[in-house]
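Every value quoted in this text rests on a predicted model; they were computed, and no experiment measured them.
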Amino acid sequence: MITYVVLDLLGRVVTHRRQPTPQVVAPDKTMAGIGASIHALLADSGVPRERILGLGIAAPGPVDIEAGLVVDPPELEGWGRVPLRDSGQVTVADGWGS
């Protein structure tokens with residue numbers, strides 16, 4: 001299950017969405033789907049994009065924080081070392097993901 005949540009600065013839930021974890025496919029396709037879900041959630045929230053201050057992502061398995069990589073996640077066969085932070089697939093505002 002993937003859970004997406006928009007919080008305000010006090011940590012209160014503005015809106016949220018849950019969807020089944022997609023079948024394992026190429027990382028770029030999976031991340032594009034995640035990006036689309038984030039965009040839909042933000043649209044549903046009514047929060048203007050310029051008011052979004054950050055984006056956090058929790059990934060299953062080891063993460064190399066300095067390099068921005070998901071490293072061999074056990075539930076995502078074939079992902080190896082995927083550049084989640086710098087992929088450009090999960091973006092919210094201009095300049096994010098690059």
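- Under a hydrophobic clustering in which Ile, Leu, Val, Met, Phe, Trp and Tyr are joined whenever their side-chain heavy atoms come within less than 4.5 Å, directly or via other members, Met31 and Leu69 fall into different clusters.
- In terms of hydrophobic clustering, with Ile, Leu, Val, Met, Phe, Trp and Tyr side chains grouped at heavy-atom distances under 4.5 Å, Leu7 and Val47 are assigned to different clusters.
- Here CD of Gln19 is found 4.0 Å from OH of Tyr4. Values are rounded to the nearest 0.5 Å.
- By the neighbour-count criterion of 12 heavy atoms within 6.0 Å, atom CD of Glu66 is sparsely surrounded, having that number or fewer from other residues, nucleotides or ligands.
- Taking every heavy atom of both residues into account, Gly61 and Pro74 meet most closely at CA-CD, 3.8 Å.
- Rounding to the nearest 0.5 angstrom, the gap separating the CG atom in Leu41 from the OG1 atom in Thr15 is 5.5 Å.
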**Asp72 vs Arg81, salt bridge (Lys or Arg N to Asp or Glu O under 4.0 Å): CA-CA, chis, key distance, verdict** = CA-CA 6 Å; Asp72 294 320; Arg81 297 178 60 82; over 6 Å; no
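- Test Val13, Asp8, Val14 against Ser45 for side chain to side chain contact (heavy atoms under 4.5 Å, CB included) and you get one pass: Val14.
- Tracing side-chain contacts under 4.5 Å through hydrophobic residues (I, L, V, M, F, W, Y), one never reaches Val71 starting from Leu76; they form parts of separate clusters.
- To the nearest 0.5 Å, atoms CD1 (Ile52) and CG (Leu42) are separated by 5.0 Å.
- If you take CD1 on Ile38 and CZ on Arg17, they are separated by 10.5 Å, rounding to the nearest 0.5 Å.
- Listed here is the closest heavy atom pair of Gly80 and Pro73: O-CD, 4.2 Å.
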